[in-house]
Amino acid sequence: DPQAAAAPQAAPLLIGTAYASTSSSANTSFAVAANGDLYGCGDNSAGQLGLGHTSTVSYWMNLGPGYKMVAAGLRHTLALKADGSLWAWGDNSLGAVGDGSGTSRLSPVLVGSGFVAIAAGDTHSLAIKADGTLWAWGSNTSGELGDGSTVNRLAPVQVGGL
């Protein structure tokens, strides 16, 4: 039908094949390839791409090997490596990176080891260890960490009572 074909149609853009995990925030996107390479692009104003600078990147950039999962917060990023080590970077003003410092990180820092799953909120983070324990850190003004308080946590705290 020539009339139906005249209207442009939106279509997904293929950026590659064989991906294992994806995550995005308001203006930043990530993908973990099946081979473990982590890719990212977009807003980097808080260093959430982990490149050591704060310049925006408008193309898919290889951020490193050995990853299996990524979680994008509003201005911070968590990435889980295949060996169970958890890495984070970006805005850490409320402790979302979880390195205990409260200092924002432009490059990945090690948060801990033995993790199997991760999640990122706007300004807080969650992770599960191989033993099934739940850990949380970052902003806690609404009790979002579930640790029975409203105190921000700069480093992971184990959450009980589940």
Side-chain angles (χ1 to χ4, degrees), residues 19-33 36-58 60-61 63-162:
Y19 287 89
S21 171
T22 63
S23 185
S24 64
S25 64
N27 296 309
T28 309
S29 299
F30 296 93
V32 178
D37 285 351
L38 175 61
Y39 292 89
C41 60
D43 179 29
N44 191 35
S45 59
Q48 59 266 50
L49 290 176
L51 296 170
H53 60 74
T54 57
S55 298
T56 295
V57 177
S58 61
W60 288 97
M61 183 97 172
L63 305 177
Y67 292 93
K68 74 174 192 176
M69 187 180 297
V70 61
L74 183 62
R75 294 168 46 91
H76 76 286
T77 305
L78 305 175
L80 182 62
K81 288 203 168 196
D83 66 3
S85 61
L86 175 56
W87 297 80
W89 54 90
D91 183 0
N92 197 25
S93 59
L94 298 174
V97 169
D99 67 351
S101 73
T103 301
S104 293
R105 303 297 182 180
L106 300 181
S107 299
V109 294
L110 180 64
V111 177
S113 60
F115 291 95
V116 296
I118 54 175
D122 282 352
T123 55
H124 71 286
S125 304
L126 301 167
I128 299 172
K129 284 201 168 196
D131 64 5
T133 57
L134 176 63
W135 296 77
W137 60 96
S139 175
N140 197 23
T141 55
S142 299
E144 58 265 50
L145 301 184
D147 67 353
S149 79
T150 55
V151 175
N152 294 345
R153 304 293 183 178
L154 298 179
V157 293
Q158 187 175 347
V159 178
L162 296 178

S.K.: Please evaluate residues L134 and I128 with respect to the criterion side chain to side chain contact (heavy atoms under 4.5 Å, CB included), reporting the C-alpha separation (whole Å), side-chain torsions for both, the decisive distance (0.1 Å), and the verdict.
M.R.: CA-CA 5 Å; L134 176 63; I128 299 172; 4.0 Å; yes
S.K.: Please enumerate all residues that pass side-chain hydrogen bond (donor to acceptor under 3.5 Å, both in side chains) together with T103, with sequence neighbours excluded.
M.R.: none
S.K.: Can you name the salt bridge (charged side-chain N to carboxylate O under 4.0 Å, His left out) partners of D147, sequence neighbours left out?
M.R.: R153
S.K.: When rounded to the nearest 0.5 angstrom, what is the spacing between CG in D83 and CZ in F115?
M.R.: 12.0 Å
S.K.: To check you understand the geometry: which heavy-atom pair defines the closest contact between V70 and S21, and what is its length?
M.R.: N-OG, 3.5 Å
S.K.: For residues 93-100, which side-chain N or O atoms pair as donor and acceptor with protein atoms under 3.5 Å away, sequence neighbours left out?
M.R.:
from : atom 1 : to   : atom 2 : distance (Å)
S93  : OG     : D91  : OD1    : 2.9
D99  : OD1    : N92  : ND2    : 2.9
D99  : OD1    : S101 : N      : 3.1
D99  : OD1    : S101 : OG     : 2.8
D99  : OD2    : S101 : OG     : 3.3
D99  : OD2    : R105 : NE     : 2.7
D99  : OD2    : R105 : NH2    : 3.0

S.K.: The criterion is side-chain hydrogen bond (donor to acceptor under 3.5 Å, both in side chains); which residues satisfy it with S139, sequence neighbours excluded?
M.R.: E144
S.K.: Give the minimum heavy-atom separation between V32 and Y67, together with the two atoms involved.
M.R.: CG1-O, 3.4 Å
S.K.: Which atom names give the shortest non-hydrogen contact between P108 and G50, and what distance separates them?
M.R.: CD-O, 3.5 Å
S.K.: Which pairs of donor and acceptor atoms, one on a side chain in residues 73-80, lie under 3.5 Å apart (sequence neighbours left out)?
M.R.:
from : atom 1 : to   : atom 2 : distance (Å)
R75  : NH1    : S45  : OG     : 3.1
H76  : NE2    : S125 : OG     : 2.9
T77  : OG1    : Q48  : O      : 2.7

S.K.: Keeping D43 on the side-chain end and T28 on the backbone end, is there a donor-acceptor pair under 3.5 Å?
M.R.: no
S.K.: From L106 CG over to N44 CG, what is the distance, rounded to the nearest 0.5 angstrom?
M.R.: 8.0 Å
S.K.: Run the side chain to side chain contact (heavy atoms under 4.5 Å, CB included) test against A72 and tell me which residues pass, sequence neighbours left out.
M.R.: S23, S25, F30
S.K.: If every non-hydrogen atom of Y19 is compared with every non-hydrogen atom of A31, which pair is closest and at what distance?
M.R.: CD2-CB, 3.7 Å
S.K.: Under the salt bridge (Lys or Arg N to Asp or Glu O under 4.0 Å) rule, what pairs show up with a residue in residues 127-136, not counting sequence neighbours?
M.R.: none
S.K.: Please round to the nearest 0.5 Å and tell me the distance separating atom OG1 of T123 and atom CG of N152.
M.R.: 7.5 Å
S.K.: Kindly compute the distance separating CG (L86) from OG (S113), expressed to the nearest 0.5 Å.
M.R.: 9.5 Å
S.K.: Listed by chain and number, what are the side-chain hydrogen bond (donor to acceptor under 3.5 Å, both in side chains) partners of W87, not counting sequence neighbours?
M.R.: S85
S.K.: Compare every heavy atom of W89 with every heavy atom of S107, then report the nearest pair and how far apart it is.
M.R.: O-CB, 3.6 Å
S.K.: Rounded to the nearest 0.5 Å, how far does CG of L154 lie from CH2 of W137?
M.R.: 12.5 Å
S.K.: List the atom of V111, the atom of A88, and the distance in Å for their closest heavy-atom pair.
M.R.: CG2-CB, 3.7 Å
